[in-house]
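Let me begin by presenting the structure, written as structure tokens, before commenting on it.
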Amino acid sequence: MKRKSICILTCLLLLTGCWDTRQFKDVKLVLSIGFDQNDDGTLTETVSIPTVKRSTDGPTSETVQVLTTEGKTPREARDHTDQMIANTFDPSKAKVILMGEELAKNSIQPIFDQFYRNPNNNLNAYIAVVDGKAEDAIRMTPSNESGVSKYISELLEGQINATHSTGENIEVLHGELLEPGIDFAVPLLSIEEEQDMLNFEGLALFHKDAYTGEFIPNHQTTLLMLLEGIRGKLASFTLKVTDEEENAIRNYLTFRVMRNKQDMKVKVENDQVTADISMKLKIRVVEYPSNHLTSKKKIKKLNKKLSELLTEQAEEIIATIQEANSDVFQIGRHVHSYHPDYWKKVKWDEEFPNITITPKVEVDIVQYGVIS
Amino acid sequence: MSQTTIKTKLSRRQYFFIIVQTEIGVGILSLPYDLHSAAKQDGWISLLIGGVLLQIVLLVIWLIAKRYPDKDFFQIQEAVFSKWIGKGVSLLYVAYFSMVAMVILLLFVRLISLWVLPQTPFWILALLMILVCLYLASGGLNTMARFYTFVSIFLVVLVAFVLYALKDTQLTFLFPILNSGWMPVIKGANEAVLSFFGFIISLVIYSKVEGSPAQRLRTIFYAHWFVVLFYLFTVLVSFTFFSPVEMSFIQEPLLYMLKSFEFVIVARLDLFFLSIWIVNVATTLTTYVYMTGLGLMDVFNTKKTAPSYMIAALLILIPPLFIGYNMERVDEFNNFVVWLGYIFSVAFLFIIYFVSLIRGSLQKGGSS
């Protein structure tokens, strides 16, 4: 009896509750956060907070509250938000982090420090740059969508699936922010005010931790991803293969990438860096109204044409990234790893725009649907 | 009389897992970071060097233990150094073991507080941990051995988690190899050696394990290389997952890299990982509670197990309460204990061996 009661008392002491409960009813989960920079150097933080109201009868309704606060640091802005809302602010489930263009051009590392430092956050939120102000994007009320956070994160996921963006979350970006010789690109969104929608413009090219102002437009992002060796669930291109047809539609061919193989060779000779990016695509034609794809000769000709077109586009992309000085192919890191003496000798930032990068794309039609 | 008093010897498999579970403990989370801060991306070479160097120490351990086949570690001291000096040495070892246990406790609670329970006071976490260890240790060595063997399945789970991170790794981060020469790598070997300090358990319980000396030596080596490979794996994955610059910021790379993975049921893999890791810490700490308690029993010539372990547990619990979360003091104390570790886990073993050799030859000389 005595033993038992001691046992029970100990259990009572040790097993009841704890200091660190964080109950759902006490926090406001923030799903999307937007940061903007003001002219005086302070930050504006915009958050969207969904609140689910459960009524005893009928369906649950969700209301979304959008708040904008200012502060010298993201954390201070958050404290200001806390002073306005019921309960406390909890960004640990944030899905999307948007940055206004002005802020992104400045430096984004200080914004993200709080996410990396705090063990509560899970680091799988996506980042995007908004052409304009992040506040406006979060204040949108897209019709037919359940909440702006879900809309934006699904929009971004759609781009990943369609091989338009890398799908890197803020965890992966951390290394790329810090490491010299590695740059990155994040989705660039623009606001379409008439339709109250966002539009995926392309990939904003970053150098170190700042947006360069240059971006890869959305019709070239798939090729950039493939050149980096990344393929989502779907990768498709529509290219103009001929000018001869009268009907404009007949000039085009649309195909999907079935398999991609990419290889990059970086050489340093006589203090000159050359990078050869070669890529082989096996494709399936999904739309080609102009002609039958029966003869081997025709297919061969198309293969050649498509290879040329894509190589040309790849050259354009590379010209853009070199102009932006955004080493998204991580050539700098390769040089650092395999040619450390050269790496020590030069300043990569100054070197990268001048190196020679040669892309080579080979296309091979392997399928053309159920009709020939 | 009763069957409980019959002492069975440990099997060699249990011996293997006791060594493994004692060595793998609180340090595994920060090992890649420690190696990286000393030797940059060459830290894994340091680890291998440390592993090879320790072979020699393990051989000495075996040579000592072989000379006294039915004495435990503290009884060996008395046999080697005569009764009273031996007791003094044993007492020093008891102090050392308890201090290692304190460091483990401090680091464990600090990490839990940092990662999951920021509001919980120090004493609660420390008390809960030490109670578990006390309970396990007072079950006796055989119970511990069975438990350790059983929970080793968790090591597979840990490896599986880390394997999942492999998809985001880049081998280029390991290069250039040896770009800054051998010096940092050798410095890093220091960090590597201290993550193996639990190996002394192989000497303490050597006499309680069945099998011929050669078989037991083999088990010690197997266990050692298992741990080396386990560490090597975690270090290599961390080094290729994080870029070198990023590594210099991240103190618990293993946890950090699991943070961003999300599954349907488990949203935060790092917390899952942490709860399994707690078991590994508990096994390590239990071993030290056991060794401290065993030392106390041998020094004070008593057979009362429960009070000895309780005293050992109190000895381990109370000093850390005064240090608490103070990072600077924890680090100071940690460095001090590491330094002690070199004396007691490495240097002193050689002394024991040579003294026992000299005494052995003297006795032989005297009798002939």
Side-chain angles (χ1 to χ4, degrees), chain A residues 10-11 13-22 92-93 95 109 112-113 115-126 166-182 184 208-209 229-230 264 266 329-344, chain B residues 40-41 111-125 127-129 131-132 135 165 167-180 238-253 255-263 266-271 274:
Chain A
T10 325
C11 287
L13 188 73
L14 294 178
L15 298 178
T16 50
C18 60
W19 277 258
D20 285 284
T21 46
R22 281 194 302 149
S92 61
K93 285 278 168 198
K95 276 183 178 166
Q109 202 274 330
F112 289 102
D113 181 76
F115 292 100
Y116 296 123
R117 199 171 289 280
N118 226 316
N120 288 347
N121 303 320
N122 69 350
L123 297 175
N124 54 10
Y126 296 123
T166 53
E168 285 168 346
N169 52 28
I170 54 178
E171 157 118 65
V172 180
L173 285 180
H174 192 203
E176 299 178 338
L177 276 173
L178 296 168
E179 188 71 24
I182 299 181
F184 57 93
K208 284 187 178 152
D209 69 341
I230 300 164
M264 183 170 78
V266 180
F329 293 114
Q330 312 193 350
I331 296 170
R333 183 61 226 183
H334 271 262
V335 174
H336 187 178
S337 287
Y338 303 109
H339 307 280
D341 298 329
Y342 177 74
W343 172 263
K344 270 186 210 154
Chain B
K40 290 277 147 46
Q41 66 268 35
L111 195 112
I112 292 293
S113 155
L114 208 60
W115 277 80
V116 267
L117 305 172
Q119 321 255 318
T120 309
F122 184 91
W123 66 270
I124 280 279
L125 295 170
L127 182 70
L128 283 174
M129 192 61 176
L131 278 181
V132 169
Y135 180 56
K167 69 185 174 67
D168 289 329
T169 55
Q170 282 188 36
L171 265 184
T172 40
F173 290 151
L174 287 182
F175 294 91
I177 292 174
L178 290 177
N179 193 33
S180 33
S238 313
F239 280 15
T240 49
F241 188 89
F242 296 111
S243 76
V245 179
E246 199 183 4
M247 262 310 285
S248 59
F249 290 95
I250 292 171
Q251 293 172 30
E252 284 91 27
L255 279 180
Y256 213 88
M257 85 184 146
L258 299 175
K259 236 162 94 88
S260 71
F261 299 141
E262 187 173 329
F263 295 106
V266 184
R268 287 284 301 276
L269 207 54
D270 54 326
L271 300 182
L274 209 58

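The chains referred to below are lettered A, B, ... by the order of the sequence lines, with proteins before strands, and numbering in each begins at 1. Not measured: the values here are computed from a predicted model.
- Summarising the geometry, atom NZ belonging to B:Lys259 is positioned 12.5 Å from atom CG belonging to B:Leu269; distances are rounded to the nearest 0.5 Å.
- Using a 4.5 Å cut-off between heavy atoms, A:Gln330 contacts chain B through its side chain alone, with no backbone atom that close.
- Residues of residues 244-251 of chain B that come closer than 4.5 Å to chain A, counting heavy atoms only, are B:Pro244, B:Val245, B:Glu246, B:Phe249, B:Ile250, ordered by residue number.
- Counting heavy atoms from C-beta on, the side chains of A:Lys95 and A:Tyr126 never come closer than 4.5 Å.
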Are B:Phe241 and B:Lys167 close enough, and set up right, to give a side chain to side chain contact (heavy atoms under 4.5 Å, CB included), and what steps lead you there? CA-CA 9 Å; B:Phe241 188 89; B:Lys167 69 185 174 67; over 6 Å; no
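- With a 4.5 angstrom heavy-atom cutoff, B:Tyr256 touches chain A via backbone and side-chain atoms both.
- Residues A:Arg333 and A:Ile182 come closest through the heavy atom pair CB-CG1, 3.7 Å.
- Contact of the A:Val335 side chain with the A:Tyr342 side chain is registered, since non-hydrogen atoms from C-beta on lie closer than 4.5 Å.
- B:Phe175 and A:Tyr338 have tilted rings, their planes meeting at an angle from 30° to 60° on a 0 to 90° scale.
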Pair A:Asn124, A:Glu171 - check side chain to side chain contact (heavy atoms under 4.5 Å, CB included), show working. CA-CA 7 Å; A:Asn124 54 10; A:Glu171 157 118 65; over 6 Å; no
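- Residue A:His339: no heavy atom, backbone or side chain, is found under 4.5 Å from chain B.
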